[in-house]
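This one's a predicted model, so the numbers in the text were calculated from it and none came from an experiment. Just so it is clear: chains get the letters A, B, ... in the order the sequence lines come, proteins before strands, and each one is counted from 1. Computed over heavy atoms, backbone and side chain alike; hydrogens, waters and symmetry mates excluded.
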There are 2 protein chains.
Amino acid sequence: MRIRKNAADRRDEVIDATLRLASDVGPERITTDAIAKAVGLSQAAVFRHFPHKEDIWAAVLDWLRARFAERWAGMAAGETSPERRLRAIVRGQLEFIRANPGLPMILMSRELHTRSELLRAGIAGLMEMFHRHLAGVLEEGKRNGEFAADLDVPRAANVVIALIQGLALRWSLSGRAFDIVSEGERALDLALAGMASRSRN
Amino acid sequence: MRIRKNAADRRDEVIDATLRLASDVGPERITTDAIAKAVGLSQAAVFRHFPHKEDIWAAVLDWLRARFAERWAGMAAGETSPERRLRAIVRGQLEFIRANPGLPMILMSRELHTRSELLRAGIAGLMEMFHRHLAGVLEEGKRNGEFAADLDVPRAANVVIALIQGLALRWSLSGRAFDIVSEGERALDLALAGMASRSRN
DNA sequence: TATATAAGTGAGTGTTCACTCACTATAGCC
DNA sequence: GGCTATAGTGAGTGAACACTCACTTATATA
């Protein structure tokens, strides 16, 4: 029997299935047929809701953007000191990745980057959002004295992002063989404190 | 006119072309036809030299493994202190990436990881080689007093790798819009010295 | 110089994929 | 209960792709 739902619900189901499939097989190998099966539709029906496959990805990016905004807005209220805020942001991002393992695969996908300028810009936009968010907290901590007075804020934000992405990459490729959240917190500790011996200089 | 070369030369040409194409279009979008055109052969001729496409990737990984071994053997002789050695290793790796922009795309490719267990193991092996190499130097520096006495060496090595990979990712996706070598050296400075203010604790 | 061997080719094949189209069934409204 | 708008379908289509095959041509050496 044919189950008929309204368009908005189906769109959400497709977005959801796509995110889940992204972590299972990788974004480049998601086919419209796989999405259809995951949602319980015929392949042709997918194209009722999204005229082109690219439009599915655009919707996924919109969904992610909305989630990020939500999370960061909620989180800003909590912690007091900039360093604690930074840790909370990183932890939050890692928890989000743990809950949505497809996310890093999407952000890192060369496929999505090169197939369409729209998607490239969308992904770059997400990363910029995060960079600005981090830079704001780092700047505060620098004024505050919690971070080094001569800290190069934009570069430090990039270092934090690189840490998260490098970690997420290893996590994904290892088949999620370790806990990305606790491992990420340790990595951040190292980056904040430094590896060099404290006795020198 | 038909140009005929011996098999070994053709294999090298194919490996070379594949590495170059990996940076241009990404590993997952390299077709045997594109490789054939790059080398100046018909598509069918590619299969004279490699029975399956997977074999081309295996050969590329072998080539990379040999290059790494070469470089690291040559480099060990140079620098004196562990910290300088670490910096030299990272710099060397970044220079290698700059010269072979396809490398990070290959190492990060989910496609290659999931399509074949042989390739997955090959890539994991390359990363392990690098991890061991870094851990050795960090261990030395820890004994030496240049690095923190309580440094968690394997984790620190992972942090360095994450930094390089995260940086390489941003570099690739940005269309190589900055100098990965100098940017990487600054990032390493930050990770070694730490971001937190020195006045605290 | 004849011959064997190996490098090369054009023209396929089967599969996978995004996307189309003519048609059908259902929900919501009058 | 009948009508309309729209979610849904099965059966395509054409393009891209890895890989095959029967056949050709160049090279090394007996």
Give a yes or no on whether a salt bridge exists between [X] and [Y], defined as a side-chain N under 4.0 angstrom from a carboxylate O.
X	Y	value
Arg120(A)	Glu117(A)	yes
Glu185(A)	Arg91(A)	yes
Glu183(B)	Arg186(B)	no

Legend entry - Asp55(A): side-chain hydrogen bond (donor to acceptor under 3.5 Å, both in side chains) partners, not counting sequence neighbours: none
Inset, instruction - Could you tell me which residues satisfy side-chain hydrogen bond (donor to acceptor under 3.5 Å, both in side chains) with Asp150(A), sequence neighbours excluded, listed by chain and number? - result: none
Legend entry - His49(A) side-chain N/O to dT6(D) phosphate OP1/OP2 under 4.0 Å: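 Looking at the OP1 and OP2 atoms of dT6(D), neither is under 4.0 Å from any side-chain N or O of His49(A).
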Inset, instruction - Would you jot down, in residue-number order, the residues of residues 5-14 of chain B having a non-hydrogen atom under 4.0 Å from DNA chain C? - result: Lys5(B), Ala7(B), Arg10(B)
Inset, instruction - With sequence neighbours excluded, tell me which residues meet side chain to side chain contact (heavy atoms under 4.5 Å, CB included) with Asp9(A). - result: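 Asp9(A) satisfies side chain to side chain contact (heavy atoms under 4.5 Å, CB included) with Asn6(A) once adjacent residues are dropped.
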Inset, instruction - Starting from the 5' end of DNA chain C, give me the residue, Arg4(B) or Leu41(B), whose nearest nucleotide shows up first. - result: Arg4(B)
Legend entry - Where protein sits on nucleotides 18-23 of chain C, one letter per nucleotide: B base, S sugar-phosphate only, - none, heavy atoms under 4.0 Å: BBB-B-
Legend entry - Per Ser42(A) side chain, nearest of listed nucleotides dT5(C), dT9(C), dT9(D):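 Among dT5(C), dT9(C), dT9(D), the one nearest the side chain of Ser42(A) is dT9(D).
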Legend entry - Exercise: identify the closest heavy-atom pair between Gln93(B) and Phe68(B): NE2-CZ, 3.7 Å
Legend entry - Residue pairs, two or more places apart or on separate chains, that pass side-chain hydrogen bond (donor to acceptor under 3.5 Å, both in side chains) and touch residues 28-44 of chain A: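 Listed once each, the pairs are Glu28(A)-Ser109(A), Arg29(A)-Thr114(B), Thr32(A)-Gln43(A), Asp33(A)-Lys37(A).
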Legend entry - Protein-nucleotide distance (Ile3(B), atom CD1; dA6(C), atom C1'), rounded to Å: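 To the nearest whole Å, that distance equals 17 Å.
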